[in-house]
Amino acid sequence: MQAKKRLYTVIKVLICAVLLVVALFPIYWLVAMAIRPTSEMTGQISVLPGAITLDHFRQLFTEKGFGSAIVNSLQTTLISLVLSLAIGLCAAYIIARNRFHFRIKRPLTYWILLVRVLPPVAFTIPLYSTFSKLGILNTKIPPILACVLINIPLIIWFMISFFQDLPEDIEESAQIDGATEWQLFRKIVLPLVAPGIAAIAMLSFMYAWNEYTYSIIFVQSPTNYTVPLALAVLNTEDNLTNFGLVAAGGVISVIPITLFVIFAQNYLISGLSSGAVKE
């Protein structure tokens, strides 16, 4: 009996090890390509780099202007995230509490979901026409507004269930104590749904950071390129892709997402452990 348990344990460990290697190998290969000299990327490529170099990272910032792309992506992502959360959380709370004189909650909810389900390319023509008439195509505003358009329906649909699960007794007690509507929402409701906010903030951040479709259509100036666009134009003089530069750019582009996810996960755990309902 003990021998069978040990055998099952060994098999489980081996399976987990294989899955872990399969999951982590693309990340390893990305890093290996980033620190591998260009001369090693022709012919048969070894698994382990024969030499280590940081020339690809240096070229990104000194020759390709990758630093400005990172700044542009951070501005676009953070501004769109703040706007999306501010609008989406308020809208989700209002819809969840059913504060309507007419029965439009269900149609409105499905309409919001429809906006999120449609492919992003479906909005490109009306958005392009609108931005062109406003004269803001050659600015950072179109990618920001496009990310807000896509993230708001996701935030609303995701957060409605969190607001609906909150006991209304808590809100009624706060109103009896003299709390205004804004104080009730900001100091009572939002802290209780902090785990949901952290989760949807992670999803919204990752979408805005990796957004490529709207950026390639609306961004016309290289000075406004975001990270995905900067990675897409990393070609050599012979119009061939320099995979070392692309890999180095990929490694750098993953860092902000990783840091944000780590922060959001810690906040998610603290919200779950500290959130309590007073009865």
Side-chain angles (χ1 to χ4, degrees), residues 26 30 34 56-57 59-88 114-156 158 200-236 239-261 264:
L30 180 69
H56 299 309
F57 295 94
Q59 292 178 22
L60 283 177
F61 291 97
T62 59
E63 301 176 9
K64 302 299 182 179
F66 202 73
S68 61
I70 294 177
V71 174
N72 293 335
S73 285
L74 286 174
Q75 292 176 347
T76 301
T77 302
L78 295 178
I79 294 175
S80 65
L81 178 62
V82 172
L83 292 176
S84 300
L85 288 176
I87 299 174
L114 178 63
V115 175
R116 186 64 180 88
V117 170
L118 288 175
V121 71
F123 303 103
T124 54
I125 294 179
L127 287 177
Y128 187 91
S129 177
T130 302
F131 295 151
S132 179
K133 291 181 180 180
L134 294 176
I136 59 175
L137 277 178
N138 198 27
T139 65
K140 300 176 183 177
I141 299 178
I144 294 175
L145 295 180
C147 291
V148 171
L149 171 67
I150 298 299
N151 282 332
I152 284 181
L154 177 64
I155 294 173
I156 294 176
F158 187 86
I200 196 60
M202 283 191 291
L203 296 176
S204 301
F205 184 92
M206 286 188 289
Y207 172 82
W209 180 264
N210 295 320
E211 204 288 316
Y212 178 77
T213 303
Y214 290 129
S215 297
I216 197 173
I217 295 175
F218 299 142
V219 177
Q220 302 177 348
S221 174
T223 57
N224 294 329
Y225 277 0
T226 57
V227 170
L229 285 180
L231 290 175
V233 298
L234 288 179
N235 297 329
T236 62
N239 204 27
L240 298 175
T241 302
N242 190 326
F243 294 103
L245 289 177
V246 175
V251 172
I252 297 174
S253 66
V254 169
I255 294 176
I257 297 179
T258 304
L259 294 177
F260 184 85
V261 169

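For reference, positions follow the sequence shown, starting with 1.
- Under the ring pair (Phe, Tyr, Trp, His ring centres under 6.0 Å) criterion, Phe205 pairs with Phe260, not counting sequence neighbours.
- Considering every non-hydrogen atom in both Pro153 and Val148, the closest pair reads CD-O, 4.5 Å.
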Determine all donor-acceptor pairs shorter than 3.5 Å in which one atom belongs to a side chain in residues 117-129; sequence neighbours excluded.
from	atom 1	to	atom 2	distance (Å)
Thr124	OG1	Val121	O	2.7

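- Qualifying side-chain contact (heavy atoms from CB on, under 4.5 Å) partners for Thr213, counting only residues two or more places apart in sequence or in other chains: Glu211, Ile217.
- Every pair tested for ring-ring contact (aromatic ring centres under 6.0 Å, His included) that includes a residue from residues 61-86 fails, sequence neighbours excluded, so the list is empty.
- Note that CG of Leu134 and CD1 of Ile141 are 9.0 Å apart. Values are rounded to the nearest 0.5 Å.
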Show every donor-acceptor pair shorter than 3.5 Å between a side-chain atom in residues 73-85 and any protein atom, with sequence neighbours excluded, or say none if there are none.
from	atom 1	to	atom 2	distance (Å)
Ser73	OG	Ala69	O	3.3
Ser73	OG	Val227	N	2.7
Gln75	OE1	Lys140	NZ	2.6
Thr76	OG1	Asn72	O	2.9
Thr77	OG1	Ser73	O	2.7
Ser80	OG	Thr76	O	2.8
Ser80	OG	Thr77	O	2.9
Ser84	OG	Ser80	O	2.6

Please report the C-alpha distance between Val219 and Thr226 in whole Å, then the side-chain angles of each, then the deciding distance to 0.1 Å, and finally whether the side chain to side chain contact (heavy atoms under 4.5 Å, CB included) criterion is met.
CA-CA 9 Å; Val219 177; Thr226 57; 5.5 Å; no
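- With sequence neighbours excluded, the residues that form a side-chain contact (heavy atoms from CB on, under 4.5 Å) with Thr258 are Val254, Ile262.
- Going from atom OG of Ser253 over to atom CD1 of Ile70 covers 8.5 Å, rounded to the nearest 0.5 Å.
- Pairing each heavy atom of Leu203 with each of Leu154, the nearest pair is CB-CD2, 4.4 Å.
- The nearest pair of heavy atoms linking Asn151 to Ala208 is ND2-CB, 4.3 Å.
- Residues satisfying the side-chain contact (heavy atoms from CB on, under 4.5 Å) test with Phe158, not counting sequence neighbours, are Phe162, Ala199, Ile200.
- The ring-ring contact (aromatic ring centres under 6.0 Å, His included) pairs that include a residue from residues 208-234 are Phe131-Phe218, Tyr214-Phe218, where partners are two or more places apart or lie in different chains.
- Take Ser221 and apply the side-chain hydrogen bond (donor to acceptor under 3.5 Å, both in side chains) test, not counting sequence neighbours, and it matches Thr223.
- Rounding to the nearest 0.5 angstrom, the gap separating the OG1 atom in Thr130 from the CG atom in Leu137 is 10.0 Å.
- In terms of heavy atoms, Lys64 sits closest to Leu245 at CE-CD1, 3.8 Å.
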